[in-house]
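To start, the structure under review is shown below, and the notes come after it.
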2 protein chains.
Amino acid sequence: MTHRRHPRSRSRRLVRPGHWHVHARVERFVEPSLLLLLRERPLHGYELLERLPELGLEGRVDIGNLYRLLRSLEDEGLVSSEWNAELPGPAKRTYELTAQGRRLLDRWAEALRRAQDTIGNFLDRYEEGR
Amino acid sequence: MTHRRHPRSRSRRLVRPGHWHVHARVERFVEPSLLLLLRERPLHGYELLERLPELGLEGRVDIGNLYRLLRSLEDEGLVSSEWNAELPGPAKRTYELTAQGRRLLDRWAEALRRAQDTIGNFLDRYEEGR
DNA sequence: ACCAGTATAGGTAAAAAACATATGTCAGTC
DNA sequence: GACTGACATATGTTTTTTACCTATACTGGT
């Protein structure tokens with residue numbers, strides 16, 4: 001087993017005695033974020049990386065994982081891509097949302113609404129007992 | 001690398017073609033939930049397990065991880081525990097929140113408020129483009 | 001020629017969550 | 001009195017998700 005005395009957690013870090021940095025993050029939030037950005041217009045990976053902070057993913061999107069995720073979304077038929085030769089600079093692979101991807105985004109939106117309710121419920125209960 | 005064609009994801013599952021089950025969950029949400037329940041009154045592990053669904057953790061809290069988490073919280077001084085001999089039935093270890101644990105809960109509440117904003121922002125942008 | 005920014009990609013480690021199993025108490029019942 | 005199921009705590013292992021690190025190549029400016 002791994003019952004570590006002081007786990008180096010991603011979501012929690014002890015800054016100084018009694019003072020914590022806590023991050024409450026939604027699991028796999030990059031995925032719906034990519035789908036949302038791609039619904040607005042086709043983009044390539046690097047552009048997506050630059051735009052993700054707009055959605056709250058500040059400085060914490062791993063570029064390697066981003067490209068992997070894009071390719072796995074394509075394998076699942078949620079996005080489609082092609083090399084874009086027209087644009088200047090290094091070769092860019094431009095992704096666009098498929099109809100399936102759009103439906104998945106709708107699911108994510110529903111799920112995120114439920115998550116909001118869950119958090120709201122937690123916070124209400126938290127405020128009650130202050 | 002692991003670029004799996006059809007990832008067996010926790011947060012996403014294809015039910016039938018084009019139909020997905022999506023779960024948007026907050027990372028490590030069990031932790032603040034335990035702290036909140038323990039702020040209300042001391043409880044033992046099994047009781048906590050029974051009460052977690054009230055906070056939206058339905059049928060998805062692993063009992064093994066729950067006990068591990070409780071012990072690691074104790075190692076960090078966030079909760080304290082002792083065996084409760086009075087109560088009938090199998091031996092129970094009763095946990096209560098420490099002052100440190102209370103402060104961590106406050107941090108979690110702040111973080112969850114920020115998460116709510118992030119989700120709210122996402123959903124606004126989602127609704128705009130419908 | 002060199003460097004910084006753009007662009008894509010793979011390898012590996014660590015953290016988080018899920019899945020599986022073990023051990024013992026106790027109350028009711030067949 | 002053996003058996004069953006709910007209560008209670010705990011460990012071991014695997015899978016999934018995220019973080020960290022490295023490699024490659026094109027392009028524009030100095």
Side-chain angles (χ1 to χ4, degrees), chain A residues 1-13 22-34 43-52 57-75 81-95, chain B residues 1-13 22-34 43-52 57-75 81-95:
Chain A
M1 78 144 187
T2 342
H3 165 212
R4 209 183 275 97
R5 193 161 300 270
H6 295 292
R8 275 186 297 306
S9 170
R10 265 181 282 132
S11 49
R12 223 181 64 192
R13 196 170 75 251
V22 182
H23 305 278
R25 330 193 253 197
V26 176
E27 256 181 53
R28 287 175 61 94
F29 189 60
V30 215
E31 180 173 295
S33 303
L34 294 177
L43 295 162
H44 59 264
Y46 200 83
E47 279 179 315
L48 287 161
L49 183 77
E50 286 175 324
R51 284 170 193 277
L52 283 173
L57 295 154
E58 309 241 7
R60 58 187 191 72
V61 185
D62 182 80
I63 181 73
N65 293 338
L66 174 68
Y67 286 113
R68 258 191 290 251
L69 179 53
L70 282 169
R71 275 173 287 125
S72 87
L73 289 174
E74 183 163 29
D75 284 343
S81 81
E82 51 184 40
W83 286 106
N84 194 332
E86 286 94 65
L87 278 69
K92 284 167 261 297
R93 181 175 281 277
T94 301
Y95 287 90
Chain B
M1 80 146 185
T2 341
H3 165 211
R4 210 182 274 95
R5 193 162 302 266
H6 295 293
R8 276 188 296 310
S9 171
R10 266 182 282 129
S11 49
R12 224 182 63 192
R13 196 169 74 251
V22 182
H23 305 279
R25 331 192 253 197
V26 175
E27 253 181 55
R28 287 175 61 94
F29 190 60
V30 214
E31 180 174 296
S33 304
L34 293 177
L43 294 162
H44 59 262
Y46 199 82
E47 279 179 315
L48 286 162
L49 183 78
E50 285 175 324
R51 283 171 194 277
L52 283 174
L57 294 155
E58 309 240 7
R60 58 189 192 71
V61 185
D62 181 79
I63 180 74
N65 294 338
L66 174 69
Y67 286 113
R68 257 191 290 250
L69 179 53
L70 282 169
R71 275 173 288 125
S72 86
L73 289 175
E74 183 163 29
D75 284 343
S81 82
E82 49 183 40
W83 286 106
N84 193 331
E86 286 92 68
L87 279 71
K92 283 168 262 297
R93 181 175 280 277
T94 300
Y95 287 90

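Residue numbers begin at 1 in each chain, while the letters A, B, ... track the order of the sequences.
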P90(B) side chain, from C-beta outward: closest of dC7(D), dA10(D), dA19(D): dC7(D)
No-H, no-angle donor-acceptor pair, R71(A) side chain to dG10(C) base, under 3.5 Å: no
Touch class at under 4.0 angstrom, heavy-atom based, for G45(A) against every strand present: sugar-phosphate
From dA8(D), dA7(C), dA9(C), nucleotide with atom closest to Y95(A) side chain: dA9(C)
Contact check, side chains of R51(B) and L43(B), non-hydrogen atoms, under 4.5 Å: yes
side-chain N/O R10(A) vs dT18(D) OP1/OP2, d < 4.0 Å: no
Base dA16(C) paired with N65(B) side chain (donor-acceptor, <3.5 Å): no
Rounded distance in Å - NE2 (H23(B)) to P (dT17(D)): 12 Å
E31(A) bridged to R12(B) by N-O distance under 4.0 Å: yes
Short side-chain N/O contact from S11(A) to OP1 or OP2 of dA15(C), under 4.0 Å: no
dT8(C) OP1/OP2 closer than 4.0 Å to side-chain N/O of Y67(A): yes
Rounded distance (Å) that lies between atom P of dT9(D) and atom NZ of K92(B): 7 Å
Contact check, side chains of R10(B) and R25(B), non-hydrogen atoms, under 4.5 Å: yes
Contact under 4.0 Å: R28(A) side-chain N or O vs dA16(C) OP1/OP2: no
Beyond-backbone contact of I63(B) with L66(B), side-chain heavy atoms, under 4.5 angstrom: yes
Length of the CG-P vector between L66(A) and dG11(C), whole Å: 18 Å
Touch class at under 4.0 angstrom, heavy-atom based, for L49(A) against every strand present: nothing
Nearest-Å distance for atom pair CD1/P, residues I63(A) and dT24(D): 18 Å
Whole-Å distance separating the OH atom of Y46(B) from the P atom of dC26(C): 16 Å
Any side-chain donor near an acceptor of the partner, S81(B) and E74(B), under 3.5 Å: yes
First of G64(A) and F29(A) reached from the 5' end of DNA chain D, by closest nucleotide: F29(A)
Length of the line joining L57(B):CG and dA16(C):P, which is rounded to integer Å: 16 Å
Nearest-Å distance for atom pair CG/P, residues D62(B) and dA10(D): 14 Å
Euclidean distance, atom CH2 of residue W83(B) to atom C1' of dG24(C) [Å, nearest integer]: 11 Å
First encountered from the 5' end of DNA chain C, between H44(A) and E27(A): H44(A)
Close side-chain approach of Y95(A) to R71(A), heavy-atom, < 4.5 Å: yes
Nearest listed nucleotide, side chain of R93(B), among dA10(D), dA7(C), dA9(C): dA10(D)
